[in-house]
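Working notes, structure below.
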There are 2 protein chains.
Amino acid sequence: MRRRSEMLTDVELEFMVALWEIGKGSVRDVMAAVTGETKRAYTSVATVLKILEDKGYARSERQDRSLIYSPVVQRADYEGRSLKNLSDSLFGGTPTALVARLVDNEDLTDEMIQEIKEIIDTRIRKDDG
Amino acid sequence: MRRRSEMLTDVELEFMVALWEIGKGSVRDVMAAVTGETKRAYTSVATVLKILEDKGYARSERQDRSLIYSPVVQRADYEGRSLKNLSDSLFGGTPTALVARLVDNEDLTDEMIQEIKEIIDTRIRKDDG
DNA sequence: ATTCATGTACTAAAACCGTAGTAGATATAT
DNA sequence: ATATATCTACTACGGTTTTAGTACATGAAT
């Protein structure tokens, strides 16, 4: 009795990212915009797009014979939802723990760290008014 | 021909978190340590623990009649792996975009932001020497 | 009009996920 | 020794996920 998750599966996310990138497009457009290396049949893409529509992540409108898909859920929304999900499931619901682990990564360059610092500082300044 | 993902599923993660918390324990111990609200049968927990062992996330040793499970993968490792996964799949592989979205969240309190800032600053100081 | 190309809808198959029952082994209690 | 409790191993079931084939409609080309 599994219930379909409100989060996207790997392939759904891959296609949704493509859809966010192009803004809107046909099955063929989305298929072309997917950056992953695994080839998929046209009908596979069509099926997943329909699933995305069923899940409420996208909608479609007919144009000539084709369906033109466009996102319903904003990418920023989903990004936030994903972070909340990860934070809750693995970091005890504390985003600070998440950041701590992130900057713990040695692969992060000095530039990246500096950039992150600026993001935080900017946010703090914004709070102050 | 899907290949089982190297990432954990929701329930696997829930149990693995419990195992990380207690360090090691029997099926019953893990079951007791799970914080989620959904009740699960003893055998369900046992099955998932075995899957975790199959996936290489945990190992078991016999003690009397019971199996005592313990983590193989460190929590910090998995946390990092999860962040990389999320960053790659949704944030174009740029952790800075991830942080930007994180601090974009209005639910974050000033204290949290400040704490995050300190984490970053500490990391920068450590880099300097 | 017949053929060809293209598009969606339907269907399916194989693996996976989540859950848990059943079987069988074994220790404990009476 | 027999009953009871507990534990693991095996199995199964219903739904999801991923992939794609087939059927059918429709517009374009000859």
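Within every chain, numbering begins at 1; the chains are lettered A, B, ... in the order of the sequence lines, protein sequences first and strands thereafter.
- Rounded to whole angstrom, the span from the CD atom of A:Glu12 across to the P atom of D:dT19 amounts to 11 Å.
- When heavy atoms are screened at a 4.0 angstrom cut-off, A:Ala46 is found touching no nucleic acid atom at all.
- Side-chain contact between A:Leu13 and A:Tyr78: present, with at least one pair of heavy atoms (C-beta onward) separated by less than 4.5 Å.
- Using a 4.0 Å cut-off, no side-chain N or O of B:Ser44 falls inside it from OP1 or OP2 of C:dT19.
- When the side-chain nitrogen and oxygen atoms of B:Tyr42 are compared with OP1 and OP2 of C:dG21, none of them lie within a distance under 4.0 Å.
- Among the nucleotides C:dT19, D:dT18, C:dA9, the one closest to any side-chain atom of A:Arg62 is C:dA9.
- At the phosphate of D:dA20, neither OP1 nor OP2 sits under 4.0 Å from any side-chain N or O atom of A:Thr43.
- In this structure, B:Thr9 reaches the sugar-phosphate backbone alone: every heavy-atom distance under 4.0 Å involves primed, P, OP1 or OP2 atoms, never a base.
- Across all strands shown, A:Arg65 has heavy atoms under 4.0 Å from base atoms, whether or not it also approaches the sugar-phosphate.
- The NZ-P distance, from B:Lys55 to C:dC16, rounds to 9 Å in whole Å.
- Between B:Met16 atom CE and B:Thr9 atom OG1 the span is 12.0 Å, to the nearest 0.5 Å.
- What separates CG of B:Asp29 from P of D:dT6 is a distance of 14 Å, to the nearest Å.
- Look at CD on B:Gln63: it is 15 Å from C1' on D:dT8, rounded to the nearest Å.
- Remark: B:Arg28 is in phosphate contact with D:dC7, judged by side-chain N or O atoms under 4.0 Å from OP1 or OP2.
- Distance, A:Lys50 NZ to D:dA20 P: 18 Å, rounded to whole Å.
- Using a 4.5 Å cut-off on side-chain heavy atoms (C-beta onward), A:Leu67 and A:Glu61 make no contact.
- Note on B:Ser26: nothing from the nucleic acid sits closer than 4.0 angstrom, heavy atoms only.
- Atom pair A:Ile51:CD1 and D:dG15:P shows a separation of 16 Å (rounding to whole Å applied).
- Residue B:Leu67 contributes atom CG, which lies 11 Å from atom P of D:dC7 at whole-angstrom precision.
- Between A:Thr47 atom OG1 and A:Arg40 atom CZ the span is 12.0 Å, to the nearest 0.5 Å.
- Among the protein residues, A:Asp64 comes within range of no part of the nucleic acid, since none of its heavy atoms lies under 4.0 Å from any strand.
- The CG atom of B:Leu13 sits 10 Å away from the P atom of C:dG18 (whole-angstrom rounding).
- At the heavy-atom level, B:Ser66 lies under 4.0 Å from the strands shown only through sugar-phosphate atoms.
- By the side chain to side chain donor-acceptor pair (under 3.5 Å) test, B:Glu79 is found to be paired with A:Arg101, B:Arg75, residues two or more places apart in sequence or in another chain being considered.
- One N or O donor and one acceptor, one from the side chain of A:Thr47 and one from the base of D:dA20, sit under 3.5 Å apart.
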